[in-house]
*Asks:* 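First, the structure itself, so that you have it in front of you.
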Amino acid sequence: MPMAGADATLQIVWACDHKGEVRAWALPYDGQVEVEGTAITVVYDPSNGTRSWTAVVMDGDQPTSILEPNDIRTLAERYELRDWSDKRYV
């Protein structure tokens, strides 16, 4: 969902992919989840209904773990996700 206001303490991450309503972000990975990885790819796709947010821990080009909804919410609290039009997502 787009966010109404912004929290100045959050790290801003800009979308790295933007197709129609689908957005994707590559978040830095610092061991938030106890699996090997170098980045977390987060995707917002409103056409997926209740699973509109997905996140995968990546090790280079290889996915290592799919995050559960609670893990995605916890992770999202640390970042302000924006797209190229400066719209904010949470």
Side-chain angles (χ1 to χ4, degrees):
M1 283 187 199
M3 190 168 97
D7 182 339
T9 62
L10 298 177
Q11 178 180 348
I12 296 172
V13 179
W14 297 93
C16 60
D17 196 9
H18 177 186
K19 294 178 184 159
E21 291 295 313
V22 177
R23 306 291 185 271
W25 295 267
L27 303 181
Y29 183 69
D30 61 5
Q32 299 98 318
V33 184
E34 295 180 11
V35 296
E36 292 292 319
T38 55
I40 297 176
T41 299
V42 176
V43 176
Y44 172 70
D45 182 354
S47 68
N48 280 346
T50 60
R51 289 287 289 173
S52 58
W53 288 96
T54 56
V56 178
V57 177
M58 303 293 290
D59 191 9
D61 293 349
Q62 300 299 313
T64 61
S65 180
I66 298 172
L67 300 182
E68 295 296 321
N70 286 338
D71 293 328
I72 296 172
R73 277 189 286 282
T74 300
L75 180 67
E77 293 172 355
R78 301 177 63 189
Y79 300 98
E80 180 179 309
L81 305 177
R82 295 188 187 188
D83 70 8
W84 297 339
S85 68
D86 205 26
K87 185 184 286 185
R88 297 177 184 104
Y89 295 78
V90 293

*Asks:* Are Val57 and Leu75 connected in the hydrophobic side-chain network, where two residues link if heavy atoms are under 4.5 Å apart?
*Replies:* yes
*Asks:* Shortest non-hydrogen contact from Asp83 to Arg23?
*Replies:* OD2-NE, 2.9 Å
*Asks:* According to a hydrophobic-cluster definition based on side-chain heavy atoms being under 4.5 Å apart (Ile, Leu, Val, Met, Phe, Trp, Tyr only), do Tyr89 and Ile72 belong together?
*Replies:*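 Same hydrophobic cluster.
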*Asks:* Using 30° and 60° as the class boundaries, would you call the ring planes of Trp53 and Tyr44 parallel, tilted or perpendicular?
*Replies:* tilted
*Asks:* Are more than 12 heavy atoms, taken from residues, nucleotides or ligands other than Ile66, located less than 6.0 Å from that residue's CD1 atom?
*Replies:* no
*Asks:* Are the side chains of Asp86 and Trp14 in contact, using a 4.5 Å heavy-atom criterion?
*Replies:* yes
*Asks:* Please name the pair of heavy atoms, one in Ile40 and one in Ala55, separated by the smallest distance, quoted to 0.1 Å.
*Replies:* CG2-CB, 4.2 Å
*Asks:* Could you tell me which non-hydrogen atom of Pro63 sits nearest to which non-hydrogen atom of Met58, and how far apart they are?
*Replies:* CA-SD, 3.6 Å
*Asks:* Minimum heavy-atom separation for Cys16 to Ala26, with atom names?
*Replies:* SG-N, 3.8 Å
*Asks:* Would the Tyr79 and Trp25 ring centres measure less than 6.0 Å apart?
*Replies:* no
*Asks:* Do Leu67 and Val42 have side chains that get closer than 4.5 Å, going by heavy atoms?
*Replies:*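 Leu67 does not reach Val42 side chain to side chain.
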*Asks:* What are the two closest heavy atoms between Glu36 and Tyr29, and how far apart are they?
*Replies:*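 Between these two residues, the closest heavy atoms are C-CE2, 4.5 Å.
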*Asks:* Which heavy atom in Ile12 sits nearest to a heavy atom in Arg82, and how many Å separate them?
*Replies:*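 Closest pair (atom of Ile12, atom of Arg82, distance): CD1-NH2, 3.5 Å.
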*Asks:* Roughly how far, to the nearest 0.5 Å, is the CG atom of Leu10 from the CZ atom of Arg78?
*Replies:*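 CG of Leu10 is found 10.5 Å from CZ of Arg78.
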*Asks:* Let me know which of Val56, Asn48, Thr54 forms a side-chain contact (heavy atoms from CB on, under 4.5 Å) with Val43.
*Replies:* Thr54
*Asks:* Please identify each residue that fulfils side chain to side chain contact (heavy atoms under 4.5 Å, CB included) with Asp17, with sequence neighbours left out.
*Replies:* Lys19, Ala24
*Asks:* Can you list every side chain to side chain donor-acceptor pair (under 3.5 Å) pair that touches residues 66-76, not counting sequence neighbours?
*Replies:*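 Those involving residues 66-76 are Asn70-Arg73.
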*Asks:* Quick one: list whatever passes side-chain hydrogen bond (donor to acceptor under 3.5 Å, both in side chains) with Asp59, sequence neighbours left out.
*Replies:* none
